[in-house]
Amino acid sequence: MLQTVPFSEAHLFSAQAVAEARHRFFSGEAVADGVAPPILRSWTRCAARGLPTGGRLPAEPLAANELRQRREKAEALRRRCRPELEALHAEAAGTGSIVILTDPTGLVLDTVGSADFADRAAKVALLPGVSWSETALGTNAIGTALVERRALEVRGAEHYAEAHGILSCAAAPILDPFGEVVGLLDVSGPAAVAQMHALGLVRLAVGQVEHRLFEGAFPGHTVVRFHSDPSFLGTSREGILVFEDYRLVAANRPGLAQLGLGWDALANRRYADLFDGSLGRAGEDRRVRSVTGDTLHVRVEAPAPQAAAPRPPAPRTAPPAGAEPCFDPATQQALGRAIRLLDAGVPVLVQGETGAGKEVFSRQMHRQSSRAGKPFAAVNCAALPEGLIESELFGYEDGAFTGARRAGFKGLLREADGGVLFLDEIGDMPLALQTRLLRVLQEREVTPLGGGRPVAVDFRLICASHRDLKQLVDGGRFRADLYFRIAQYTVALPALRHLPDREALVRRFWRDLDGSADAPALSDACVAALARQPWPGNFRQFVGTLKVLHALAEPGCTLDLDALPPEMRDDAETQPPAAAHAAPAVSARPEATGGDAASPAAADNLNAVTRATIQAALAACNGNISMAARRLGIHRSTLHRHLAAGGGRPGKLS
């Protein structure tokens, strides 16, 4: 239980030190001591914003219906936090404190605790429906902990606003398995009473909530729980790592801390990068050695095997194996921001050259969003014939046109209801359909072809294009009002040739193709030559080339320069080794390259590799066009176009 401690000489000295530091700060003098660095940083931010220290800061609560909507949106978090709210309330009962749960913005969702202090707290607007963000109310435990992404205390005069000096608060943010802030727990009481251990108790409560966030959250994934002390397995102190096909996709803070990792390890580390040996059997408790040399006790939870029941083929919900780009740190940060915006209902536009991974990035957004278990309806606006785009998107009633299905078709916009709609290559959408799409986005309802009743739809929107949509708007080929509706947040994916350490990229993707003991290897010269290529087709061309090399290699052999296509060998012999690490003199902006634009020599390279890739895929599929297209990760019509360009038959491509 929190202890009530009367003010001592030490407390008076601390309060005096804060008062002196506060006087020096607001007098424009340097502050060397008296307050903790996070408090001083917060004061500096608040002063830069021009926030007043005196009087009452504006803190009007939301209307009842708005607060109800915000609570409903955060209901899953509120449910998981209720046991900790009650436990903290029991601990804080003797100190006249209240316990607070906020959303990620600092909006107070729930409070429990002392009715007497709640009345006093209400005088400074510490009540449900009020945002206690730092930008709104200055330095305070809730808002400042969210900015600093760490647990901290703000006591008495450490608050920026003088009116908040009656409070003493301890707060800690709640992070989800992907490192995003999803809420915050706070204990606030009267500043006249020192609350011992308040911050420690809040930290423990947040740890329990974060541990609970993994319950049932990752079906079909491999969950590894570990600790150096086996008695901590199953508790909030255990490390938790979640793997998808041996790739790290989620974690908790204790797990990352025990391995010396940060959140940037997600999607960038594999099981073999972190632990020696194999995963072992599900449910087995065993000891393993981490790459840091520590001995850990591990428990593995593997996905349950699925019964092999016959069923019709489902739409592809993941990119082909080996096609996932390696997100650089900047793109990984953009992914986190994009997921938060998608959850908030803000449309996201993903731009980048052809093959740069726009669909993979968008599917990652869906997988890690609050709608991960809902549909991901992908529409390639460039692949559908113009006459069919409207019926595919909006659906149609029975008899709407000749050849229509007897029962009608509800359309992909309604297929996305409750989930995410992904409009790929939206820059190729005809202007007339742009008008209809804009109306759907504004009214959130779809009217099928043939005069059916409007149907309400609820989906999150992601659009993608290799074209510069702003230039299309300026040229009158894309509606400006639609552009500003879909481009509220834009992510620009870098081309493969602009990624750092491309040799490591080559080795990683080659390893992903075959992890067997007798897998073929690449010589250092071969790796350097592959890393040096301009790859105008980006990951699509890059992965296709690696698959061709792997398919033609003998088990256990080492491929050298002579295994590469002739144009790549010629380039390797004329370029110095250092070129593999040098950034090419090409603009990183998609609009500057026009998507697939490249030098004639690079285009010849791409054509040769494309022909070889298609030949290998067709040979592996015994000439089956549909199977080869799925193997290559492209649309069947795209493969037909390549075949026609090469002479119309697989044998005439070369």
Side-chain angles (χ1 to χ4, degrees), residues 5-60 95-98 100 102 104-108 117 120-127 130-173 181 184-200 202-203:
V5 180
F7 260 88
S8 64
E9 190 172 316
H11 291 122
L12 287 171
F13 176 80
S14 176
Q16 182 179 352
V18 172
E20 290 175 355
R22 186 181 182 89
H23 175 75
R24 290 196 303 273
F25 179 84
F26 289 107
S27 298
E29 301 176 20
V31 179
D33 53 23
V35 292
I39 302 297
L40 184 56
R41 287 195 295 268
S42 177
W43 285 359
T44 304
R45 289 191 295 266
C46 296
R49 295 188 191 102
L51 293 180
T53 60
R56 290 193 61 185
L57 294 177
E60 291 297 322
T95 64
S97 301
I98 59 173
I100 298 168
T102 81
T105 70
L107 182 86
V108 177
F117 181 70
R120 281 190 285 163
K123 294 178 181 177
V124 290
L126 190 58
L127 71 171
V130 175
S131 172
W132 274 71
S133 68
E134 188 184 81
T135 56
L137 297 183
T139 306
N140 70 89
I142 293 172
T144 304
L146 291 173
V147 172
E148 296 275 336
R149 282 178 60 94
R150 56 175 288 179
L152 56 80
E153 288 180 289
V154 179
R155 296 163 293 189
E158 290 178 338
H159 289 84
Y160 189 81
E162 293 173 356
H164 301 157
I166 66 169
L167 302 173
S168 179
C169 312
V181 176
L184 174 140
L185 285 177
D186 169 273
V187 172
S188 292
V193 177
Q195 302 177 58
M196 304 298 290
H197 314 306
L199 189 60
V202 170
R203 279 196 180 111

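With hydrogens and angles ignored, the 3.5 Å screen pairs no side-chain donor or acceptor of D186 with any backbone N or O of A141. In terms of modelled atom types and a separation under 3.5 Å, the side chain of R22 and the main chain of Y160 share a donor-acceptor contact.
Here the straight-line distance linking atom CG of L184 with atom OG1 of T105 works out to 10.5 Å at 0.5 Å rounding. Atom CD1 of residue I100 and atom CG of residue L126 lie 3.5 Å apart, to the nearest 0.5 angstrom. Put simply, CZ on R155 and SG on C169 are 11.0 Å apart, with the number rounded to the nearest 0.5 Å. Distance check, rounded to the nearest 0.5 Å: CZ of R203 to CZ of R150 gives 7.5 Å. Taking OG of S42 as the start and CD of E158 as the end, the distance is 10.5 Å to the nearest 0.5 Å.
Note on ring orientation: taking the six-membered ring where Trp is involved, the planes of W43 and F25 are tilted (angle from 30° to 60°).
Within the 4.5 Å cutoff, the side chain of W132 has no heavy atoms near those of the T102 side chain. The shortest side-chain heavy-atom distance between S27 and R24 does not fall under the 4.5 Å cut-off. For the pair H164 and T139, the minimum side-chain heavy-atom distance is 4.5 Å or more.
Screening I39, L40, T44 for a side-chain contact (heavy atoms from CB on, under 4.5 Å) involving V31 leaves a single residue, L40. For the side-chain contact (heavy atoms from CB on, under 4.5 Å) test with E134, the passing option among I142, V147, L51 is V147; the others fail. Under the side-chain contact (heavy atoms from CB on, under 4.5 Å) test applied with S133, the options L137, T135, V130 reduce to a single match, T135.
The two atoms that bring S131 and A136 nearest to each other are O-CB, 4.3 Å, heavy atoms only. Taking each heavy atom of L152 and T144 in turn, the nearest pair found is CD2-CG2, 3.9 Å. Contact record, S97 with V187: CB-CG1, 4.0 Å, taken as the closest heavy-atom pair. When all heavy atoms of A151 and A172 are compared, the pair lying nearest together is CB-CB, 3.7 Å. Listed here is the closest heavy atom pair of L146 and V181: CD2-CG1, 3.6 Å.
Qualifying side-chain contact (heavy atoms from CB on, under 4.5 Å) partners for A19, counting only residues two or more places apart in sequence or in other chains: none. E162 meets the salt bridge (Lys or Arg N to Asp or Glu O under 4.0 Å) test with no other residue; sequence neighbours excluded.
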